[in-house]
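First the structure, in the form of structure tokens, and then the observations on it.
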Amino acid sequence: MAQTKRSALRLNHDTQRRRGFTMTEHSADCSMVQSGIYDLINVEDDATFANGVRFRTVMVEGTLEAPKIQGDSLIIDNGIVRCSGRIHVRRISGRGTLEVKGDIICESIEMTGSVNTDGNIRCSGDMNITGALRNAHHIIADNLSMHGVLHGNDIDGRVIFTQPLHSTMFSRFGMPDYQAQSRVTLIKASEVSACKLICRTIKADSASLREGSAVEHAICSTALGTDTTSNVMLLKGACRRVHLRTA
């Protein structure tokens with residue numbers, strides 16, 4: 001039986017003592033959030049979700065571990081979220097680390113940091129990521145904008161944009177280098193714009209490739225643009241070739 005809905009739940013060490021939460025053994029002591037429906041869960045230290053937790057908003061400043069995450073808004077504020085199952089929310093936003101073993105189903109993603117998923121990502125709206133995105137299976141998004149490093153298998157979308165991140169901000173905070181090449185097996189989209197991308201196959205109406213991008217097989221119906229540092233080994237489709245200026 002689910003617990004009665006609570007207006008707000010703040011999880012920190014003071015709250016643990018005050019409310020008497022059950023402590024479980026993980027990498028550190030953490031609060032167990034029991035099954036129930038919540039308006040707001042504020043994770044300031046470490047917390048673990050039981051099965052059946054649903055929410056309107058979760059704010060994660062510490063570390064959250066969950067078998068699955070279901071609710072409206074998941075906001076990461078310099079925190080870490082690890083989910084061993086599926087995430088099904090309306091939106092994901094913030095900055096930090098998101099690690100998911102299952103699928104992500106949402107309407108929008110706006111993240112700075114690291115997103116690692118072993119399942120599929122199905123985003124019905126915009127997916128904007130600054131940092132690193134690694135996905136082992138399938139990404140579906142209306143508009144995918146990637147500033148950093150993308151490692152993926154199959155990507156479907158209307159507009160796909162990816163370029164390395166040129167900033168010293170991340171190195172100052174001990175984060176990995178986001179200026180490396182992105183690698184994707186298959187991209188299918190209406191429009192593709194990529195810098196420093198290694199890809200086996202691109203199927204698009206139009207594609208622009210810059211900064212050392214390399215594609216084995218491209219199928220374009222409207223236009224294919226490349227600068228002098230990029231190449232396509234095999235091109236199919238009645239598209240117009242465009243020579244782009246090298247940055």
Side-chain angles (χ1 to χ4, degrees), residues 1-13 15-125 127 129 131-141 151-153:
M1 180 70 68
Q3 293 179 339
T4 304
K5 183 175 181 178
R6 300 178 183 176
S7 59
L9 179 61
R10 183 183 296 274
L11 296 178
N12 54 32
H13 293 314
T15 316
Q16 293 167 13
R17 290 192 293 269
R18 186 168 59 252
R19 293 185 180 271
F21 283 103
T22 302
M23 306 302 290
T24 58
E25 290 296 327
H26 291 281
S27 57
D29 289 340
C30 61
S31 295
M32 174 66 73
V33 181
Q34 301 297 335
S35 173
I37 302 173
Y38 301 84
D39 281 333
L40 171 65
I41 303 174
N42 191 351
V43 179
E44 294 182 344
D45 292 313
D46 298 335
T48 300
F49 280 3
N51 279 312
V53 173
R54 298 181 66 181
F55 56 84
R56 180 172 295 174
T57 302
V58 166
M59 291 277 298
V60 182
E61 301 172 45
T63 299
L64 172 63
E65 298 192 9
K68 67 177 180 179
I69 296 175
Q70 184 172 0
D72 190 8
S73 295
L74 172 60
I75 303 171
I76 305 174
D77 186 5
N78 288 321
I80 299 172
V81 175
R82 298 188 181 101
C83 182
S84 58
R86 185 178 72 171
I87 292 180
H88 192 174
V89 296
R90 185 174 64 85
R91 69 184 183 99
I92 300 171
S93 62
R95 55 192 181 276
T97 300
L98 178 61
E99 300 175 355
V100 187
K101 295 296 184 182
D103 296 341
I104 296 177
I105 303 171
C106 64
E107 294 180 10
S108 66
I109 300 176
E110 186 87 28
M111 275 284 297
T112 296
S114 176
V115 178
N116 299 294
T117 65
D118 291 340
N120 300 314
I121 299 177
R122 298 203 298 270
C123 181
S124 60
M127 185 172 171
I129 296 179
L133 170 61
R134 293 175 177 83
N135 175 262
H137 290 284
H138 195 185
I139 298 175
I140 301 174
H151 287 172
N153 189 28

Next on the checklist: Show the nearest heavy-atom pair for residues Gln34 and Ala50, with the distance to one decimal.
Outcome noted: CA-CB, 4.1 Å
Next on the checklist: My understanding is that only one of Ile109, Ile104, Thr117, Leu64 makes a side chain to side chain contact (heavy atoms under 4.5 Å, CB included) with Leu98; could you say which?
Outcome noted: Ile104
Item to check | Pairing residues for His88 by the side chain to side chain contact (heavy atoms under 4.5 Å, CB included) criterion, not counting sequence neighbours | outcome: Arg86, Ile105
Checklist outcome for this item: Here the pair of heavy atoms bringing Ile121 nearest to Leu133 is CD1-CD1, 4.2 Å
Next on the checklist: Just so I know, are the side chains of Asp103 and His137 near enough to count as touching, which here means a heavy-atom distance under 4.5 Å?
Outcome noted: no
Checklist entry - Residues two or more places apart in sequence or in another chain: which of them pass side chain to side chain contact (heavy atoms under 4.5 Å, CB included) with Asp118? => result Lys101
Item to check | For Arg91, all residues meeting side chain to side chain contact (heavy atoms under 4.5 Å, CB included), sequence neighbours excluded | outcome: Ser73, Ile75, Ser93, Ser108
Checklist entry - Going by heavy atoms in the side chains, are Glu61 and Asn78 under 4.5 Å from each other? => result no
Checklist entry - For Phe49 and Lys68, which heavy atoms make the closest approach, and how far apart are they? => result CD2-O, 4.4 Å
Checklist outcome for this item: Taking every heavy atom of Ser84 against every heavy atom of Pro67, the minimum-distance pair comes out as OG-CA, 3.2 Å
Item to check | Lys/Arg N to Asp/Glu carboxylate O, Arg56 vs Asp72, below 4.0 Å | outcome: no
Checklist entry - Just wondering, do Val60 and Asp77 contact through their side chains at under 4.5 Å, heavy atoms? => result no
Checklist entry - Can you find a heavy atom in the side chain of Ile69 that is under 4.5 Å from one in the side chain of Val53? => result no
